[in-house]
Structures are given as C-alpha cells and as structure tokens.
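Remarks on the structure that follows.
Note that the structure is a prediction, hence the values are computed from the model and not measured.
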Amino acid sequence: MSHNELYGDVPTETLSALTNLTVLNLSYNHFSESKISDILFFKKFNSSSFLHSGLIPDHKKFKIKAIVFLVSFPLFVILKVCCLWWLCFRRPDFLPRVFRSKHRFTSAMLKAATNGFSRNNLMGKSASVDIYKGTLRDGTDVRIEVYSSDNHPQVIEECKVLVQLCHKNLANLLGWCDNRKLRAIVTEWMEGENLESWLMGSSFTPWNYRLRILMGVVEGMVYLQEQWPEVGYDLRTSSIMLCNYNLDPKISRFKVGNQSTSRRRMYRFGLFLLEMMVNRMPQEEFERGEAGFKEYIRMHYPGNLEQLIDPKMELTQNTIDQAKQAISLGLMCTEVSSNRQPSLEQVCQ
C-alpha cells in the first residue's frame, strides 16, 4: 500500500481485524497523523512500515512548529496589547459607546476629525485660540477650539461643568482634550450666523422674527438662573448664534463661577434688547459706549420712535405698540440703581 498517495485516516479497526497479517507497508502516503503506537496491532510492525506516511510524528516539523508558536504567540499578545492601547488611549471612538469616556477627546481623534488640523479646516485664529471645523467618526460636525495660552487649566475645569448644561437655547459643549500635546474644547458646530451679523447683513429682519429670537434667549436665561446659577453668560448680539432656517437662538459664551448679580444680568439683558430694537452697537458707534447708547435712546424715545427703531423691522400699526413696550422694558432693565428694574421672572410674565 506504499506510494499510493493515500489520504485521510488509517482504517485501524479494519486492519486490526486482520490478525494473520504479517507484512504491512504504508510508507509514502499522506495519512492523517494518529497515535498508531497505542494500538496493539501496529506494534507488530517496525517504523520502516510507516516511513513518510504521516502516521509517525515528524520531530523536525514538531520542533519547527514549537519554535513558530513560541515566537508568534508573544508577538500576537504584544500586538493585541498595542491594539488595545491604541483603541483605549488614542482612538476610543472605534470602541462601543459603553466603553468610551463620555466627554474626553484624544489628540488623535481631533487630528483625524480635522484632517490633521488642515488649513482648510481652520475657521478662525487669535493670539491664544485656533478654531477648527471638524467631523467626528460618527459624522457629527464639531467646532474645535485649540488653546495655546496658559489659561487652559481653568478652561478645562469650566468644561467639566458646562458639559452638563442641556437646553435647546444653549450651545452644546461636547467635551475637551487635555494632554501635553493638545489642549482643546469641542462644541457642536452650528450652521448659521450670529445675531449681530443677521441684524447688520439681512435686508429684512421683521419684528416677529426678533421677538421669537428674544423669547428663546429668555428661556435659556431662565434655565441657567434656575438650574445653574453659578454659570454666567455673555449676552451680546455677537454671542447669540442663530441656527438653521428657523433662526433658533443659542447663547454661546459662558463663564463658570461668575459672580455677577441678578441686577447686573438684567442690565446686560436690557442692553441686548435695545441693541436688537435699534440695531446699533454701543461700543463701536458711540463715543461714551453704553452710557452714550442709552442717552441716544432716551433722547428719541418715545417722541421720535421712527428714527430710533431699525427700519428693517418694517413695523405695522399692530406691532408698533409691542416695539414700544420692548424699548421701555429694555430701558427699565438698564436702571440698575433704581427700583424700576424688573426681575427675570417679571420679564417672562
């Protein structure tokens, strides 16, 4: 039976039944390796009956396999550990959400999101902050602010508070990156423009649009006052983002640990409301800044309302009374030292 290119298992039970068989040669075949030495029948034959048959273990091949295993197994373990390290500490966004740190981003994640911090993704730049637009692995567009100044520890501590804010009229902070190579904060990307640009650039900014924006801002203020009184906010037309076609407003600048009083916040709201009504910027257009801006409004209100109110609102007889009330409310809010200043609760009513 030698030299027959036989494959598979040796029919040990059949051969064992041949008790009178004295000569057997299974050499030079390709049987599956098996322990024929444990079978009494095959002990009658010497090893020459099984040369290169696959039935006798090849010690040379065994040594090679052992060496390959001893070398490859540690390499496999090392590779596995490296992959796990890379996933956990460099690209956790490849892991299921349950295994990720919810608000922490790595430098590798942000680098991938911005195509290596490409110039094409650079949206703005200042002395201490570079602003990039990025796309996370799940397709979410984000705004990435990369800090180069020494104030980053304070920024990161503030982020740990701000990520907990949850309101439709507040910009959504997604998380931060804080390591030796990169310190950044990540917020949602808001398509649209800020309120200042909308007021200045649009040819038609009617009163009902402005009123809806104003109501959204007030809702965000109420949420912060009731839920997060320690979080302050910068209430200016330049810090209110208008998102999508509905012009949904979002307060986008915050300060944790802000010690401003409710009177000061209502003063800022009053100035903000007046800016929306007259479309003038206190700091840029008036020599005395906010004081000059308020004097200008008091000088024209209520007698010269047409010259005071932004003509792009295109007020009708039905809405002009609402505009008057809004200017009156704005002026009362700026009277910090008097008892006429309303509270936020009164404004909501």
Side-chain angles (χ1 to χ4, degrees), residues 83-198 220 231 233-234 236 238-256:
C83 288
L84 287 173
W85 178 88
W86 184 82
L87 283 172
C88 293
F89 297 101
R90 296 285 292 170
R91 293 301 302 274
D93 50 332
F94 279 93
L95 295 172
R97 288 186 180 275
V98 68
F99 296 114
R100 301 182 209 168
S101 180
K102 189 173 183 181
H103 300 295
R104 286 187 176 273
F105 291 85
T106 66
S107 57
M109 290 170 64
L110 300 186
K111 186 176 181 180
T114 57
N115 297 315
F117 295 104
S118 165
R119 288 182 177 272
N120 294 331
N121 292 70
L122 184 63
M123 299 291 107
K125 189 178 181 68
S126 67
S128 59
V129 182
D130 292 345
I131 300 174
Y132 291 87
K133 180 180 180 180
T135 303
L136 301 180
R137 186 172 176 272
D138 63 2
T140 303
D141 289 333
V142 293
R143 170 190 171 101
I144 302 170
E145 297 181 9
V146 180
Y147 287 83
S148 57
S149 63
D150 295 331
N151 67 343
H152 64 267
Q154 179 183 353
V155 171
I156 299 302
E157 289 303 313
E158 290 181 357
C159 285
K160 294 177 181 179
V161 175
L162 297 180
V163 290
Q164 302 177 65
L165 303 183
C166 183
H167 192 273
K168 65 178 181 177
N169 297 116
L170 304 180
N172 186 19
L173 180 66
L174 302 178
W176 64 88
C177 173
D178 183 25
N179 59 36
R180 289 177 296 176
K181 294 183 178 180
L182 182 70
R183 294 174 175 90
I185 63 174
V186 182
T187 60
E188 64 174 326
W189 181 264
M190 292 176 284
E191 292 290 349
E193 56 188 341
N194 62 32
L195 178 56
E196 180 181 275
S197 299
W198 181 73
V231 176
Y233 44 89
D234 184 15
R236 304 173 190 270
S238 60
S239 64
I240 303 298
M241 295 299 299
L242 302 179
C243 305
N244 58 50
Y245 294 107
N246 294 325
L247 300 177
D248 296 326
K250 292 198 176 190
I251 302 172
S252 63
R253 296 177 191 166
F254 306 95
K255 184 70 174 178
V256 178

Could you work out, with side chain to side chain contact (heavy atoms under 4.5 Å, CB included) as the rule, every residue matching [X], not counting sequence neighbours?
X	answer
R97	R100, D138
T187	R143, L173
S197	E193, N194
F89	W85

Spacing of [X] atom [atom1] and [Y] atom [atom2] [to the nearest 0.5 Å]:
X	Y	atom1	atom2	value
L122	I144	CG	CD1	11.5 Å
I240	Y233	CD1	OH	10.0 Å
W176	L162	CH2	CG	10.0 Å
L195	S238	CG	OG	9.0 Å
R183	C159	CZ	SG	13.0 Å

Any pair with a residue in residues 107-133 that passes salt bridge (Lys or Arg N to Asp or Glu O under 4.0 Å), sequence neighbours left out, goes on the list, sorted by first then second residue, please.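 For residues 107-133, and leaving out neighbouring residues, the salt bridge (Lys or Arg N to Asp or Glu O under 4.0 Å) pairs sorted by first residue read K125-D130, K133-E191.
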
Which residues pass the ring pair (Phe, Tyr, Trp, His ring centres under 6.0 Å) test with F254, not counting sequence neighbours?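 Applying ring pair (Phe, Tyr, Trp, His ring centres under 6.0 Å) to F254 gives none.
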
Just by distance, do the side chain of S128 and the backbone of Y147 share a donor-acceptor pair under 3.5 Å? no

So, N121 side chain and G134 main chain: donor-acceptor pair closer than 3.5 Å or not? no

side-chain hydrogen bond (donor to acceptor under 3.5 Å, both in side chains) partners for [X], two or more places apart:
X	value
T135	D141
N115	none
D248	N244

Closest non-hydrogen atom pair, S252 against S239: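 Minimum heavy-atom separation between S252 and S239: OG-O, 2.7 Å.
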
Minimal heavy-atom distance between E188 and L170, with the atoms involved, is OE2-O, 4.1 Å

Write out all pairs satisfying ring pair (Phe, Tyr, Trp, His ring centres under 6.0 Å) with one or both partners inside residues 106-136, taking only residues at least two apart or from two chains. F117-Y132

Could you pull out every donor-acceptor pair under 3.5 Å between side chains of residues 102-110 and any protein atom, sequence neighbours left out?
unit_1: H103; atom_1: ND1; unit_2: L174; atom_2: O; d: 3.0
unit_1: T106; atom_1: OG1; unit_2: R90; atom_2: O; d: 2.5
unit_1: T106; atom_1: OG1; unit_2: M109; atom_2: N; d: 3.1

Taking only residues two or more places apart in sequence or in another chain, which ones pass salt bridge (charged side-chain N to carboxylate O under 4.0 Å, His left out) with R91?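 For R91 the salt bridge (charged side-chain N to carboxylate O under 4.0 Å, His left out) partners, ignoring immediate neighbours, are D93.
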
